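What you see is a predicted model; the values in this text were computed from it and never measured. What you see below is based on every heavy atom in this structure, not just the backbone, and it leaves out hydrogens, waters and symmetry mates.
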Amino acid sequence: MLPCNTTPMDIPRRRGQRLKRQLDSIIIHFDYDAFYASVIEAETPSLRARPLAVQQKQIVVTCNYEARRRGLYKLQLITEAKKTCPDVVIVLGEDLTRFRNASKELYAFLRSFSWNSRCERLGFDEVWMDVTDIVDYNVRLLNQNDLANTFFCLSKTDPTEGFAFDASGVAGHTYPEVTSTEADAPRDLWDPLRLRLHLGSHLAQHLRQKLVSKKGYTCTVGVSTNKLLCKLVGNVHKPSDQTTLLPPYTSEDGCDNVTSFIDEHEVGKIPGIGFKLAQKLRAHVLQQPADFDSGLVYGGTNEKVLVRDIRTFSDMGPETLERILGGPGTPHGIGAKVWGLLNGCDDTEVGQARDVPTQISIEDSYVRLVALEEVTKELLVLSRSLLRRMHADLLDDDEDLQVSPNDGANIAAISEKRWLAFPKTIRLSTRPRPPQNPDGSRNRSFARISRSAPMPNFVFSLKDGIEVLAERLVKETLVPLFRKLHPEKSGWNLSLVNVAATGMVDAASEKGGVGRDIGKMLKRQGDVLKQWKVYDTGGQDQTKEEVDVSMQVQDVWDEKNLEPSPPPPPIRPSESRIGSEDIPTPSQELSFLPEDRWESEDEDMLDDDSYRCEECGGVMPIFAMGAHARWHAQN
DNA sequence: TGGGGTCCT
DNA sequence: AGGACCC
């Protein structure tokens, strides 16, 4: 065991009670090695032997381990990297498409092993999996008297699916390191936590091997009982390896492995304690403002303050931390949260796997962007990318097109696609270049400003090409947003422009379900209706008049606002297929399906009063259908 | 110093 | 709408 010279005040307290470490879960954290570089290598395996760097603008965003051996590192300037390693292979990586695709594929692969779907991605290259249920299932199955010959079941239904392993030991490295002379005392195996961590480590190793054999990617893994600890402990052996944090996890005097492990970390290295919090914490224990590299916005600190220095500082605890860190604008409970982190406690759950992101954004940075004409051009480039991303990430997975084998020129679009989610909002952000100081220098700032607008419905059209939609989006939405953001006619100078689709509403979340909360449902329904803004051409006026369908909900008793004609009768799916190249006629433009009460195998249940538009997959109440149909007819 | 993301206020 | 955090 590690030397232990901490004070007795080690177990975190809150209002006199012990704050318990989470010991009931087994969690694995995956971190793909040098991810962008690995994606490039997977495409071009000959590069594996070369020093490889991925470039975005002027910097090396990541590089493979061969390059690191030669002195390159992340976020290094390209010029410097070339000086250090003249024969480095540099690949441009500003377009993230392939990295995003690889990330999605690996995530889906790991997800397929999960039983509880608690599988959370962070960035493109990290995944947590809560494997508690798998581990506990296997603990119940194993024979305590013959741990060396255990079979790990990966399926609840197929007992042959799995692998053999020795449950008496850990797979891979441990923290602290276990020497062979002090091999596990038999009684250790009676510690249920220890046994569960053993199983977790073997599962982690199996998944790592599968990731290599099936996907060709190596990763670094940590195994522990909460998100914080498994993420941190993985870093102990990098790359392409794994580390398990061994018990004991608790003690009266701080002589547990959690405390000794986390205590050695520089405070800013703790996930959740960013630059701002770390500086406040450093300033407190140093009794003076913490110094930092002013040349950088989020520069490295010049101080080394360890978790232990803070944790054992006089009067330290959640209340003191709340005083130091709290204040207007800060999340409440920050003191308790940070106190937890400093003690290795993290009760946040591994998030449920999601199939749509909550936001899609696309950005580019510029050396100089000043004229409105240039801005408009860039907005068009960004809009195309955003629309492509929306199609890639928000449409369900069927094939885009099927080329008719008889006639290559005749491309029949089989439009099985549905929107899985609708972003309600579009946001334009810029990063203005900071104005010059009197002395001629420039303050460095990465602050952005933004304006938002409702996402116009036409972007969801599956008939119109991305090019025409992008042009319309720029003209009708983004340029107006830009004028709102920068009312001055000129003088601005932008270093970055970002366009984002936000406020994602899951199409499935509008479906009904037994026992749903009615108030919540109505609120959500309102949200969705708000986004069903349609263009009403009822008047002679050529200018399109925006009509918010949600208004019609309130005005539903007003005869004038009711739809003049009833919706066409519902059409069965087989009759209602409309190719996306088809031009809908007024009589067939609509094909709304009512809830399918007679097909119980259909999981795609809607609310009793909700209808789905076959054209775009949108879900809406019956009174919204007429206006919706006219919108389609126009688009 | 990039091009993304999440959640909170 | 912005700010903090994460990669």
Side-chain angles (χ1 to χ4, degrees), chain A residues 29-36 53-63 73-81 92-100 103-104 107 120-128 219-220 227-228 231-232 234-235 268-280 293 295-300 325-334 337-338 341 346 348 351 354 356-367 382 385-386 389 393 425 427-431 444-453 481 484-485 495-504:
Chain A
H29 178 259
F30 300 83
D31 187 336
Y32 313 130
D33 300 321
F35 183 57
Y36 286 10
V54 179
Q55 176 183 199
Q56 287 174 344
K57 297 297 184 299
Q58 337 236 40
I59 65 169
V60 172
V61 284
T62 196
C63 55
Y73 50 92
K74 289 181 187 176
L75 302 191
Q76 185 177 30
L77 284 171
I78 285 285
T79 53
E80 219 180 298
L92 198 63
E94 290 165 15
D95 182 341
L96 303 186
T97 305
R98 23 182 191 168
F99 309 129
R100 186 179 297 109
S103 175
K104 274 171 93 169
Y107 178 59
E120 180 183 347
R121 210 158 41 135
L122 180 60
F124 286 177
D125 68 338
E126 291 184 23
V127 174
W128 282 279
C219 61
T220 295
K227 288 175 68 180
L228 200 223
K231 176 169 171 156
L232 282 178
N235 293 330
K269 291 290 197 323
I270 304 300
I273 301 182
F275 179 77
K276 298 274 174 137
L277 287 177
Q279 286 298 85
K280 289 183 186 175
D293 192 336
L296 304 164
V297 173
Y298 283 103
L325 307 172
T330 64
H332 26 263
I334 187 72
K337 186 195 156 192
V338 168
L341 296 177
D346 173 13
T348 61
R354 286 183 184 173
V356 290
T358 66
Q359 168 192 311
I360 294 173
S361 80
I362 170 95
E363 69 190 41
D364 204 347
S365 58
Y366 308 89
V367 178
L382 295 175
S385 299
L386 184 71
R389 290 273 316 279
D393 295 351
T425 305
R427 183 183 63 213
L428 175 67
S429 311
T430 63
R431 186 175 69 197
R444 288 219 171 245
S445 164
F446 282 75
R448 297 171 179 205
I449 55 176
S450 70
R451 293 295 182 271
S452 301
L481 270 182
K484 224 167 108 184
L485 194 54
S495 58
L496 178 141
V497 178
N498 175 300
V499 182
T502 69
M504 212 63 76

Quick one: list whatever passes salt bridge (Lys or Arg N to Asp or Glu O under 4.0 Å) with E80(A), sequence neighbours left out. none
Heavy-atom side-chain proximity of D125(A) to T62(A) below 4.5 angstrom: no
What is the distance from [atom1] of [X] to [atom2] of [N], rounded to the nearest Å?
X       : N      : atom1 : atom2 : result
R121(A) : dC7(C) : CZ    : C1'   : 11 Å
L228(A) : dC5(C) : CG    : C1'   : 13 Å
I449(A) : dG3(C) : CD1   : C1'   : 15 Å
D31(A)  : dC7(C) : CG    : P     : 9 Å
L341(A) : dA4(C) : CG    : P     : 18 Å
K74(A)  : dC6(C) : NZ    : P     : 14 Å

With sugar-phosphate meaning primed atoms plus P, OP1 and OP2, does I270(A) contact a base, only sugar-phosphate, or nothing at under 4.0 Å between heavy atoms? sugar-phosphate
Base, sugar-phosphate or nothing for K227(A)? Non-hydrogen atoms, less than 4.0 Å. nothing
Is the closest basic N to carboxylate O distance between R431(A) and E363(A) below 4.0 Å? no
T220(A) and side-chain hydrogen bond (donor to acceptor under 3.5 Å, both in side chains): which single residue from D31(A), N235(A), D33(A) fits?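 Result for side-chain hydrogen bond (donor to acceptor under 3.5 Å, both in side chains) with T220(A): D33(A).
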Polar side-chain atom of E126(A) near backbone of H29(A) as donor-acceptor pair, under 3.5 Å: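 Not confirmed, E126(A) side chain does not pair with H29(A) backbone.
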Starting at the 5' end of nucleotides 2-7 of chain B, put B wherever the base has a protein heavy atom under 4.0 Å, S where only the sugar-phosphate does, and a dash everywhere else. BBSSBS
Heavy-atom pair with the smallest gap, counting every atom of L277(A) and V338(A): CD1-CG2, 4.3 Å
State whether S429(A) places a side-chain N or O below 4.0 Å from either non-bridging phosphate oxygen (OP1 or OP2) of dA1(C). no
